[in-house]
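This report concerns only the one structure given below.
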Amino acid sequence: MPLPSIDPAEYAPQLATKVSQFQRDFACFDLPEPAVYSSAPLNYRLRAEFRMWHNGERVDYAMFDPAEPKQAVVVEHFAPACESICTAMPRLREALQASAALKSNLFQVNFLATLSGELMITFIYHRRLDESWEAAARELARDLATEMQVQLIGRSHKQKIVVGRDWVLEEFELNGRHLSYQQIEGAFSQPNGGVNRQMLGWACRQAAGLGGDLLELYCGNGNFTIALAPLFDRVLATEVSKSSIQSAHHNLATNGIDNVALVRMSSEEISGALAGLREFNRMKEIDLANYRFSTLFVDPPRSGLDAATLELAGSFDHILYISCNPMTLQENVAALQGTHQITASAVFDQFPYTPHLECGLLLTKR
């Protein structure tokens, strides 16, 4: 992808343009005035991925413009990245430049940071990693540890070497609670940590007072689950990713949440189970008949909700919907117009200086 143009002076008007477009797109649904949650104008990304560009003996971070996919854009400094990533980038490049074991056939470097100060760096190679690589990686980890808390991972085809651990621990305060999340290498995590906290806060405010039980689809590692669980009697949460389910179990236990049942199922599968169309062995210990669902929480992929899930959603008194794609959200809201109306809305600027906008709606049964 091309480097975004970063000028903090342009941030506020660019966000205003995105918010105005969102309001126009949803005006036909009697959209309430949206709450607007802005990002920090710089150092907001907790994730960054770079191709490594080899030119003779030199190696650099690089990105590519889809319009010119063979032309590397060398990246000296990446202003969107959080401070820990920005600090690590030059130190790491110098270390790579000085070490043939680390530099040889290095294809890509991925950074994952947390608001709480942890950092994980994944190296992806087009060669098999040997003992010399691991020795060099351990020496690098010791050198970096003088300035930062860092985990290193080496990957190649069917090979993974971990120096430290393959996860970071995110921790922050939310509504007087101290929340803790394990984030595993390669699994999804929110890219903009500051805006994520604002999303969690908004979701909690909408859920307060709804009561009853909550059904959550696409729960991931429990990002929203852990924040919302204390506001409901019981929660049934589903996710298809095995690693995310494992992290969610860990995160629930770490945060002392005991009213959540987790099931590894797709949204279509849980929709079929709730409709009585099919029984699943994975749900043999869950008595669906005993749940009194008042609210459905969804944070789906860009494709939005499938037909079966939309049909299921129509039966809930409340639908709390977080979307990364306003276009599919429009389509889903249109499909639910016969049963639900929008009673609260918000926009979350996860991706400053781009056209992308995260948004949230509370839909209430008519």
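Side-chain atoms are counted along with the backbone in the values below, which use heavy atoms only and exclude waters and symmetry mates.
- Between L296 and A313, the closest heavy-atom pair is CD2-CB, 3.6 Å.
- The pair E279-K284 fails the salt-bridge criterion, with no side-chain N (NZ, NE, NH1 or NH2) lying under 4.0 Å from an Asp/Glu carboxylate O.
- With hydrogens and angles disregarded, no donor-acceptor distance shorter than 3.5 Å links the side chain of S84 to the backbone of G117.
- Applying the side-chain contact (heavy atoms from CB on, under 4.5 Å) test between F297 and each of I319, I322, V235 identifies I322 as the sole match.
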Stepwise side-chain hydrogen bond (donor to acceptor under 3.5 Å, both in side chains) test for N251 and T254: CA-CA 5 Å; N251 293 335; T254 299; 5.2 Å; no

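- Side-chain contact annotation: Q183 with R47, donor-acceptor N/O pair under 3.5 Å absent.
- At a threshold of 4.5 Å between side-chain heavy atoms, the hydrophobic network of Ile, Leu, Val, Met, Phe, Trp and Tyr places F188 and V240 in two separate groups.
- The two residues S104 and R127 have their closest heavy-atom pair at O-NE, 2.7 Å.
- Using modelled atom types and a 3.5 Å distance limit, the side chains of Y321 and N332 yield a donor-acceptor pair.
- Between the side chains of R155 and Q159, no donor N or O sits under 3.5 Å from an acceptor N or O.
- In this structure a side-chain-to-backbone donor-acceptor pair under 3.5 Å is missing from R93 to Y61.
- Using bins of under 30°, 30° to 60° and over 60° for the plane-to-plane angle, the ring pair F351/H356 lands in the perpendicular bin.
- Rounded to the nearest 0.5 Å, atoms CZ (R24) and CG (L31) are 12.5 Å apart.
- A donor-acceptor pair under 3.5 Å links the side-chain atoms of R197 to the main chain of E173, judged by distance alone.
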Step-by-step side chain to side chain contact (heavy atoms under 4.5 Å, CB included) determination, T122 to V109: CA-CA 6 Å; T122 301; V109 170; over 6 Å; no

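- Looking at every heavy atom in both residues, L106 comes nearest to Q108 through CD1-O, 3.6 Å.
- Screening R91, Q149, E139, Q151 for a side-chain contact (heavy atoms from CB on, under 4.5 Å) with L144, the sole residue that qualifies is R91.
- The shortest distance between side-chain heavy atoms of C219 and L262 falls below 4.5 Å.
- Residue I342 is grouped with residue L336 when hydrophobic side chains (ILVMFWY) are merged at heavy-atom distances under 4.5 angstrom, including chains of intermediate members.
- In this structure, D233 and L214 have side chains that are not in contact, with every pair of non-hydrogen atoms separated by 4.5 Å or more.
- Here the CD atom belonging to Q341 is positioned 10.0 Å from the CG atom belonging to L362, to the nearest 0.5 angstrom.
- Looking at P80 and L42, their side chains never come closer than 4.5 Å, going by heavy atoms from C-beta outward.
- Within the cation-pi definition used here (under 6.0 Å to the ring centroid, within 45° of the axis), R234 qualifies as a partner of Y291.
- Within the 3.5 Å criterion, the main-chain N or O of F316 finds a donor-acceptor partner in the side chain of H340.
- Between L305 and V298, some side-chain heavy-atom pair lies under the 4.5 Å cut-off.
- S39 and N192 are linked by a side-chain donor-acceptor pair at a separation below 3.5 angstrom, with hydrogens and angles left out of the test.
- Here the side chain of Y353 pairs a donor or acceptor atom with the backbone of P41 at under 3.5 angstrom.
- The hydrophobic cluster containing V333 also contains L312, counting ILVMFWY residues as joined when their side-chain heavy atoms lie under 4.5 angstrom apart, directly or transitively.
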Verdict with supporting geometry, S267 and D306, side-chain hydrogen bond (donor to acceptor under 3.5 Å, both in side chains): CA-CA 8 Å; S267 60; D306 56 76; 2.9 Å; yes

CA sep, side-chain torsions, deciding dist, call: Q182, R165, side-chain hydrogen bond (donor to acceptor under 3.5 Å, both in side chains): CA-CA 11 Å; Q182 180 193 68; R165 46 180 160 83; over 6 Å; no

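- Between the side chain of E170 and the backbone N or O of L115 there is at least one donor-acceptor pair closer than 3.5 Å.
- Distance check: L231 CG to N259 CG gives 9.5 Å after rounding to the nearest 0.5 Å.
- Under the 4.5 Å side-chain heavy-atom criterion for ILVMFWY residues, a single connected hydrophobic cluster contains both L320 and V195.
- In this structure, R138 pairs ionically with E134, as a charged nitrogen and a carboxylate oxygen lie closer than 4.0 Å.
- The ring pair (Phe, Tyr, Trp, His ring centres under 6.0 Å) search around F29 returns F26, not counting sequence neighbours.
- Remark: the backbone N or O of E83 is paired with a side-chain donor or acceptor of T87 at under 3.5 angstrom.
- The environment of CD in Q21 is crowded: more than 12 heavy-atom neighbours from other residues, nucleotides or ligands sit within 6.0 Å.
- In this structure, the ring of F123 has its center no less than 6.0 angstrom from the ring center of F107.
- Minimum interatomic distance between L169 and E118 (heavy atoms only, all atoms of both residues): N-OE1, 3.1 Å.
- Residues T114 and M120 fail the side-chain proximity criterion, which asks for heavy atoms closer than 4.5 Å.
- Counting only distance, with no hydrogens or angles, the side chain of S99 and the backbone of A95 share no donor-acceptor pair below 3.5 Å.
- Once rounded to the nearest 0.5 Å, the distance linking OG of S243 with CH2 of W167 reads 14.5 Å.
- Between P230 and R177 the shortest side-chain heavy-atom distance falls below 4.5 Å.
- Side chains of K18 and Q23 form no contact here, defined as non-hydrogen atoms less than 4.5 Å apart.
- No side-chain donor-acceptor contact under 3.5 Å links R128 to the backbone of S156.
- Rounding to the nearest 0.5 angstrom, the gap separating the CD1 atom in I270 from the CZ atom in R278 is 11.5 Å.
- Summarising the geometry of S345 relative to P32, their closest heavy-atom pair is OG-O, 2.9 Å, with the distance given to 0.1 Å.
- A donor-acceptor pair shorter than 3.5 Å cannot be found between the side chains of T295 and D317.
- The minimum heavy-atom distance between A62 and W53, with the atom names listed, is CB-CB, 3.8 Å.
- Residues V168 and I121 do not share a hydrophobic cluster, clusters being chains of Ile/Leu/Val/Met/Phe/Trp/Tyr side chains in contact below 4.5 Å.
- Between Y37 and D349, the closest side-chain pair of non-hydrogen atoms is not below 4.5 Å.
- For H178, the NE2 atom sits in a packed shell: over 12 heavy atoms of surrounding residues, nucleotides or ligands are nearer than 6.0 Å.
- Checked by atom type, the side-chain pair N196/N223 shows a donor-acceptor distance below 3.5 Å.
- Neither side chain, N325 nor S323, offers a donor N or O lying under 3.5 Å from an acceptor on the other.
- Of the inter-residue distances, the one linking E57 atom CD with Q97 atom CD reads 7.5 Å to the nearest 0.5 angstrom.
- Aromatic rings from F78 and F50 are positioned such that their centres are separated by under 6.0 Å.
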Evaluation steps, side-chain hydrogen bond (donor to acceptor under 3.5 Å, both in side chains), between S244 and E239: CA-CA 7 Å; S244 292; E239 168 61 44; 4.5 Å; no

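- Using modelled atom types, one side-chain atom of D287 and one backbone atom of A289 make a donor-acceptor pair closer than 3.5 Å.
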